[in-house]
Protein chains: 2
Amino acid sequence: MQDIADLAGVSIATVSRVLNQPEKVKPETRRKVQRILEQTNFVANAVARGLVVNSMKTIGILTVDVRDLYFSKVIYTLERQFTEYGYNVLLSNTGGEVGEKKKYLRVMLEKQVDGLILVGSVFKEPTGNKHILEAGHSIPVVLINSYLEGENIYSVVCDDAHGVKQAVNYLVAQGRKDIYYFTDTKSASGLAKVDGFVAAMREHGLNERNIIEVSRNLDGGVKGVQQLLAEKRKVSAVICGEDITAIGAMKALTASGLKIPGDVGVIGYNNSILAETASPALTSVDNLAAAMARQAVELLVNRLQGKEVSRKIVLSPTLVIREST
Amino acid sequence: MQDIADLAGVSIATVSRVLNQPEKVKPETRRKVQRILEQTNFVANAVARGLVVNSMKTIGILTVDVRDLYFSKVIYTLERQFTEYGYNVLLSNTGGEVGEKKKYLRVMLEKQVDGLILVGSVFKEPTGNKHILEAGHSIPVVLINSYLEGENIYSVVCDDAHGVKQAVNYLVAQGRKDIYYFTDTKSASGLAKVDGFVAAMREHGLNERNIIEVSRNLDGGVKGVQQLLAEKRKVSAVICGEDITAIGAMKALTASGLKIPGDVGVIGYNNSILAETASPALTSVDNLAAAMARQAVELLVNRLQGKEVSRKIVLSPTLVIREST
DNA sequence: CTATCTAATGTAAGCGTTTACAAAATTGTT
DNA sequence: AACAATTTTGTAAACGCTTACATTAGATAG
C-alpha cells in the first residue's frame, strides 16, 4: 500500500481511504489512486485489515458431513447468503466425532471467525456440547436443528414432531392403520420425530409402539422391512426418518411382492433428490433446508450488527405428496 | 499473550515459543506457561500470526454448487485431507457464473489463502478463465477435472473419454448395437466424454452420431428418451453423462413399457448415491471423487512445501456394474 | 577459577493495515 | 485580505503476534 501511495504521490492513509471510504477523499485524487490500484493489480491484505478491525468477515460452519444431501443443501444456502452479506465461510466435517468438533472449534476461534453455525453437530451426550457453550463466550453461535441453552447460543429448528404428525395424519386419512416408523437413534432431531409419531398414533388410537430402530442408510430400510415381514406383521404404511431409509424400505417391499402405494404406503423425510428420483417417487416431509439456512444467516448477521434477535426460531415442515402414497 | 507472560513471569517471546516450538524452552518454564495457558483458556490469534508468518494455513475451494452429489463428495475429501495437513478450507459456490467466480477469487486472494482448488469451475469460454491464470501469479491453484496451461496451475483429471469407452465396450460385449449417448453441453469434461463415445463407437463400427443433447437433470433424461421414441429409433442402450439423467431415462423407458435391462441397458456417470438407490440399480462409471480429491491435496501440499510436483495427474475411472445392464 | 561454549530467555523490530488526531488546503464570509 | 469553518490529507500509534539478535544463565573444560 505504501508503494501505491508513493506512485500516486499521496500518503498511505489516503490509499486506505479510497479503498474503504472513497467518499472521504477528493474525487480527483481518488481517481488517480484508483487508476494506480488497477494498473498495479493491487490486492489488499485482508489479514492485516482483520487484525486492525478485529473481524475477518468469516463464519465457521461445523457440519457432520457435507456429503449428506440435507446438510449440503443447508450449507449451500448458508454460503450463498453469507457472501451476500460480505462474509465467507470456513467449512469443516466433524464426522460426528466430539474430538474433531472440539479441534475444529478451537482453530476456528483462533482464526477469529465472527460467528459459528453448527449444522447437525450437536449430540445427545452433554459432554460433547461443552465446547459449543464455551465458544459462545467469545462469539455468537447458531445451531441448526438443535437446541441448547447458553450465552450467545441461538437456534433455528424445524418442528420435526409436527412433520411426522402430518405424515401419520395423511396416511390415516387414506385409511391406513398399521403404520410403522423407522427411526435412527443417533441424532437429537431423531427424538423429536419419534415423539411426533407417538403423539399422532395415540391421537388416532393406533399402536404407538410400532417403532423400529434401523441404521440411517439404504440397508436400514431393507432390514426394517425384512424384520416386519419375518415377524408376520400386518403393515399398511411405513414412515422413515430419512429418505434413504425409505428407499431401502421400498426396495424390500417391492422385492417381497408388495405393491406401493397399493399394499403399503411409504413416506420419507427431508424431501431430498432421492425422493424425486425414486420410482415410485417418494412422498416425503420437507424440512426446509434452504429456509432454515436463510433464517440462520439472518439471525447471525443481525446479531453481529448488534441488533436484538430471538433465541429460537421454529419452522414448520410440509408434506410433499408423490406416488408412494 | 503479554498477560500470559506476566502471569508466568516470563517474556512474551517465551510464551510464543511454548506455543510454537516447545522444545526450545526449558521443560520447567514450559510447564509453568502451559499451566497458565490452560487456566486462562488462552486462544492464540491466528490472524496476527498469519500476518507475521505470511500464511493463514487456509485453502480456498471454488465450486459450482456443493449440492451436486459429485462435487460434495470431492469437497468432503478435500476438507478432511486438508485438515489432516493442518489447513482449513474456505468454501464458495459460484453457481457457474464467471462474475461470481471472479469475485470469490478476489476475496480469497485478499484473505491470503495459501492455495486454491477449483472443482468444476473452469468453463469453456476462455475469458472466464483469465482470473484463474492471474491467481496463479500469486499462489498455486489446482484444477479438478479441468486442464489449463499456466504458471502455477496444476490439474488432476479423470480420463472421462476412457470411462465412456468402457461403458460402450461393456454394452457391445452384451451384444447391444444401438447405443445412444446423452450429453449435457456445458462443462469442459462433457466434451471428453463425447469424444470417448465417438471413438469407441467408431472402433466397433457403430453409429458414432447417436448423440442427444439433454439438460443435466431428471427431465433431461426423460426428454431424451421421448425424443428417441418419437423418432421411432431402435435403441438397445443409453449411456448418460450424469446419473441423474440416466434415472430420468429409466423412468421414461419404463413408462413406455420397455424393460431394463432386457430391452434396453442404461449406464450413468459418477456412480453417485442415485445409482445405488435406483431401481433397477444403475450401472455407472465411477469417476473416483475421493481419489481425485486426495491427489489434489497431495499435489497442493507438496507444492506448498516447495517440492517438485507434476503439472497433471490423470486417474482412470472404473465401470461399476449393477442391475440396469 | 577462568575461559569457552551452549542453552534459555529477553528486547525490539516488523508483518500490512486502519484510524485518531494533527496539519494543511480549500471554501465561504465579511 | 483576513478569518473561521470545512474539507482533505498526512503522521504515527496501534492490532497481536513471530523472530533475528542480544543477553544472560548454565555447563564443560583446562
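So that the names make sense, note that chain A is the first sequence line, chain B the second, and so on, each numbered from 1.
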Nearest-Å distance for atom pair [atom1]/[atom2], residues [X] and [N]:
X	N	atom1	atom2	result
A/L37	C/dG16	CG	C1'	15 Å
A/N20	C/dA20	CG	P	13 Å
A/M56	C/dT17	CE	P	12 Å
B/I12	C/dG10	CD1	P	11 Å
A/F42	C/dG16	CZ	P	10 Å
B/Q2	D/dA14	CD	P	14 Å
A/Q112	C/dT17	CD	C1'	16 Å
A/N45	C/dT18	CG	P	9 Å

Inset, instruction - Could you verify whether a donor N or O on one side chain and an acceptor N or O on the other, from B/N93 and B/R67, lie under 3.5 Å apart? - result: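 Absent: no donor and acceptor within the cut-off.
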Inset, instruction - For residues A/K24 and A/R17, report the shortest heavy-atom separation together with the two atoms involved. - result: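 Nearest pair, atom of A/K24 first, then A/R17: CB-CD, 4.5 Å.
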Inset, instruction - Kindly give the heavy-atom pair with the smallest separation between B/K57 and B/G86, and that separation in Å. - result: CB-O, 3.7 Å
Inset, instruction - Check every atom of D/dG16, C/dT18, D/dC17 against the side chain of B/L51 and return the nucleotide holding the closest atom. - result: D/dG16
Legend entry - A/M1, nearest nucleotide to its side chain (from C/dT19, C/dT18, D/dT18): C/dT18
Inset, instruction - Assign A/N54 to base, sugar-phosphate, or nothing according to its heavy-atom contacts below 4.0 angstrom with the strands shown. - result: nothing
Inset, instruction - Indicate, with a heavy-atom threshold strictly under 4.0 Å, whether A/A44 touches base, sugar-phosphate, or nothing. - result: sugar-phosphate
Inset, instruction - Please say which of B/I144, B/I153, B/I132, B/T63 ends up in a side-chain contact (heavy atoms from CB on, under 4.5 Å) with B/L118. - result: B/I132
Legend entry - Name of the residue among A/L315, A/N270, A/V74, A/V156 meeting side-chain contact (heavy atoms from CB on, under 4.5 Å) with A/L288: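 Testing A/L288 for a side-chain contact (heavy atoms from CB on, under 4.5 Å) against A/L315, A/N270, A/V74, A/V156 leaves exactly one candidate, A/L315.
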What does the list of N/O pairs under 3.5 Å between the protein and nucleotides 7-9 of chain C look like, with a distance for each?
from  : atom 1 : to    : atom 2 : distance (Å)
C/dT9 : OP1    : B/T29 : OG1    : 2.9
C/dT9 : OP2    : B/K26 : N      : 3.0
C/dT9 : OP2    : B/T29 : OG1    : 3.2

Legend entry - Residue list, salt bridge (charged side-chain N to carboxylate O under 4.0 Å, His left out) with B/K103, at least two apart or on another chain: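 Partners of B/K103 by the salt bridge (charged side-chain N to carboxylate O under 4.0 Å, His left out) criterion, ordered by chain and then number, come out as B/E100.
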Inset, instruction - Could you please spell out the steps behind the salt bridge (charged side-chain N to carboxylate O under 4.0 Å, His left out) verdict for A/R294 and A/E298? - result: CA-CA 6 Å; A/R294 255 190 296 269; A/E298 207 76 19; over 6 Å; no
